[in-house]
Visitor: 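Dumping the structure here so I can ask a few things about it.
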Amino acid sequence: MSELRDFARRTPSWLTRAADQSSIVLSSRVRLARNIRGWTFPHATDADRLCGLRDEVFGAVLRDSPLVSARRLLMEDLEELELGFLRERNMISSDLARFVLGRGLVLAEDESLSLMVNEEDHIRIQALAPGLDPSGCLGRASGLSRALESSLGFAFDQRLGYLTACPTNVGTGMRASALMHLPALVLTGDLQRVLNSLRRLDFTVRGTYGEGSGAMGALFQVSNSATLGQSEDDIVGQLLAHAGKVADCERRAREALITRDRVRLEDRIWRAMGRLTHARLLSTREALDALSDLQLGHALGVLPATEGVDDWDEVNELLLEIQGAHLQISEGRSMEAPERDELRATLIRQRIAGTDEGK
Amino acid sequence: MDGNCKICGARAVRRFTEIVGGRKRSMPLCQHCADAQETQTSVPKPSAKPPVQVKLHAKLIAQGLPTSTLRCPECGMRVVDLRKTGRLGCAKCYEVFRKQVMPLLKRIHGATEHEGARPMAGVRVDELSQLRVELRRAIEAEDFEQAARLRDRIGAGGANKAAESGEDHE
């Protein structure tokens with residue numbers, strides 16, 4: 001467990017505040033799916049061969065790639081809690097946490113670039129960046145893909161492009177997404193309309209933690225659905241355009257909220273502040289929702305710049321730190337839910353009030 | 001309506017228009033294929049919770065794939081497995097089940113032609129791996145002249161790689 005505690009002490013580079021849009025677009029991500037020529041896809045491959053394949057990928061990463069000095073993890077060596085921790089940090093999928101044998105992860109120290117081995121496809125490259133920067137992510141992901149391609153050789157069809165286990169990923173094998181904070185669209189009830197129009201444009205919107213307007217913390221992932229028939233740059237261009245439009249809608253909804261019913265909005269935000277600075281037990285949902293209100297209050301100037309928080313990056317950091325496996329990894333032991341709720345409340349009080357008040 | 005149906009070649013009766021990836025596409029279709037497209041591309045109901053991806057595709061496949069006794073010679077997968085899991089077993093499956101997979105790809109992506117990045121130009125990747133194997137053999141056999149020639153050819157592939165990745169990073 002000690003190995004991952006280093007990661008728990010750091011904020012991943014993609015969650016640090018970047019461009020001016022970052023109060024709405026938290027981070028961007030590009031994922032590339034690749035398979036090695038001559039091998040059956042992971043779900044049709046036995047565990048021995050999966051382990052051999054993982055060795056081959058790790059070998060290629062070590063020979064010549066941007067991840068040459070990155071951390072290499074064998075999933076079957078990790079404890080349940082460590083798998084949960086990586087899952088919460090979006091470094092592995094729930095599938096990789098569930099089927100561990102022969103699966104692996106290569107992870108850059110700053111978490112901006114990683115590679116899952118033997119998930120649905122042999123290789124899933126993931127590049128992350130703060131703010132709206134899908135082209136930066138694409139550059140890094142394709143750099144890694146090309147470095148590995150020269151030594152591994154990927155399954156490629158002249159007509160269909162890169163071949164993947166699921167037909168939904170064939171072609172570019174690329175999924176580009178933006179993690180967006182959309183509290184005002186949730187509050188005004190306009191979210192569904194925006195999401196529906198995105199779906200018609202072949203883009204998918206999923207709650208990061210939960211679905212639709214019930215998504216915790218009003219955090220949503222906007223991503224392309226089609227991977228065939230469009231170039232990588234086209235997909236990046238569309239994500240930029242669509243995420244930009246969604247951000248505009250969110251901005252308009254924020255203005256509408258503050259002009260229409262300022263007092264109600266202020267009440268909501270100050271109540272959230274009250275819960276975060278005084279509650280003794282906080283569930284993940286309650287904490288994420290209240291932190292979301294706090295971010296909204298800060299963005300709209302309802303909360304004075306210094307109120308309770310010296311550094312707003314710390315609120316972003318809390319999004320990860322208050323999650324179940326994170327709390328337990330940083331404490332170095334497993335805890336039942338009530339104990340986690342207490343620890344979560346204490347951690348938030350200390351961080352937001354900036355004092356040991358009520359500890 | 002002039003021309004033939006883009007899908008089955010029968011006489012086209014109307015133009016079918018759809019929006020894929022934000023772009024409008026229009027093609028002549030016969031009544032039968034136009035009706036089929038109409039039902040396939042309808043927008044999901046707003047209130048419907050987005051279904052788990054794999055389930056959706058298993059469902060799509062179940063609805064759309066004709067039964068077949070085909071079996072992939074590489075991995076042994078059958079159409080019934082594709083229907084059950086929504087996944088293909090290996091790269092060869094895309095050749096073996098092309099007839100079944102193509103309409104599915106059209107429905108999922110609105111396209112059946114790859115437009116994105118390709119393996120490095122000049123030397124194809126499979127040639128490159130082959131060259132590496134030959135290089136190893138030549139070195140083991142101490143045929144250094146042959147090894148030098150092979151290394152040059154591999155190097156040429158590497159140079160193309162550098163040029164291409166440069167473009168990609170822009």
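Protein chains get the first letters and strands the later ones, always in sequence-line order, with residue 1 at the start of each.
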Visitor: Could you tell me which of Gly76(B), Gly116(B), Cys72(B), Cys93(B) has the largest number of non-hydrogen atom pairs under 4.5 Å with chain A?
Guide: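 When all of Gly76(B), Gly116(B), Cys72(B), Cys93(B) are compared, Gly116(B) has the most.
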Visitor: Heavy-atom distances under 4.5 Å only: say whether Thr164(A) touches chain B with side chain, backbone, both or neither.
Guide: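 Backbone plus side chain of Thr164(A), per the 4.5 Å heavy-atom cut-off to chain B.
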Visitor: Verify, without hydrogens or angle tests, whether His109(B) (side chain) and Pro167(A) (backbone) share a donor-acceptor contact under 3.5 angstrom.
Guide: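 Such a contact is found between His109(B) side chain and Pro167(A) backbone.
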Visitor: Nearest 0.5 Å, please: how far is OG1 in Thr227(A) from CD in Glu115(B)?
Guide: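 Result: 12.5 Å between the selected atoms.
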Visitor: Rounded to the nearest 0.5 Å, how far apart are CD of Gln230(A) and CD of Glu113(B)?
Guide: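 Nearest 0.5 Å value for the CD-CD distance: 14.0 Å.
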Visitor: Can you name the closest pair of heavy atoms from Arg118(B) and Tyr162(A) and give their distance?
Guide: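 Looking at all heavy atoms of both residues, the shortest contact is C-OH, 3.7 Å.
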Visitor: Work out which heavy atom in Gly89(B) is nearest to a heavy atom in Ala44(A); give both atom names and the distance.
Guide: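 Shortest heavy-atom contact: O-CB, 3.8 Å.
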Visitor: Counting only non-hydrogen atoms closer than 4.5 Å, does Asp121(A) touch chain B with its backbone (N, CA, C, O), its side chain (CB onward), both, or neither?
Guide: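 For Asp121(A), no heavy atom lies under 4.5 Å from chain B.
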Visitor: For the candidates Lys92(B), Arg98(B), Glu74(B), which exhibits the highest count of non-hydrogen atom pairs separated by less than 4.5 Å from chain A?
Guide: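 Ranked by contacts with chain A, first place is Arg98(B).
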Visitor: Tell me, do Asp81(B) and His43(A) make a side-chain contact under 4.5 Å, heavy atoms counted?
Guide: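 No - every pair of side-chain heavy atoms lies 4.5 Å or more apart.
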Visitor: Side-chain contact, heavy-atom cut-off 4.5 Å: Met102(B) with Leu160(A)?
Guide: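 Yes, at least one pair of side-chain atoms sits under 4.5 Å.
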Visitor: Does some side-chain heavy atom of His114(B) sit less than 4.5 Å from a side-chain heavy atom of Leu228(A)?
Guide: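 They are in side-chain contact.
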Visitor: Would you check if Trp39(A) and Cys75(B) make a side-chain contact, meaning some heavy-atom pair closer than 4.5 Å?
Guide: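 Answer no - side chains too far apart.
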Visitor: What distance separates Ile108(B) CD1 from Asp202(A) CG, expressed to the nearest 0.5 Å?
Guide: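 Output value for this atom pair is 11.0 Å.
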Visitor: What residue among Leu163(A), Asn35(A), Thr45(A), Thr40(A) forms side chain to side chain contact (heavy atoms under 4.5 Å, CB included) with Cys90(B)?
Guide: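 With Cys90(B) as partner, Leu163(A), Asn35(A), Thr45(A), Thr40(A) yield a single side chain to side chain contact (heavy atoms under 4.5 Å, CB included), made by Thr40(A).
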Visitor: Out of Gly173(A), Gly161(A), Ala155(A), which one racks up the most heavy-atom pairs below 4.5 Å with chain B?
Guide: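 Most heavy-atom pairs under 4.5 Å with chain B: Gly161(A).
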Visitor: Measuring heavy-atom distances to chain A, does Leu105(B) have an atom under 4.5 Å in its side chain, in its backbone, in both, or in neither?
Guide: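 Contact with chain A is through the side chain of Leu105(B) alone.
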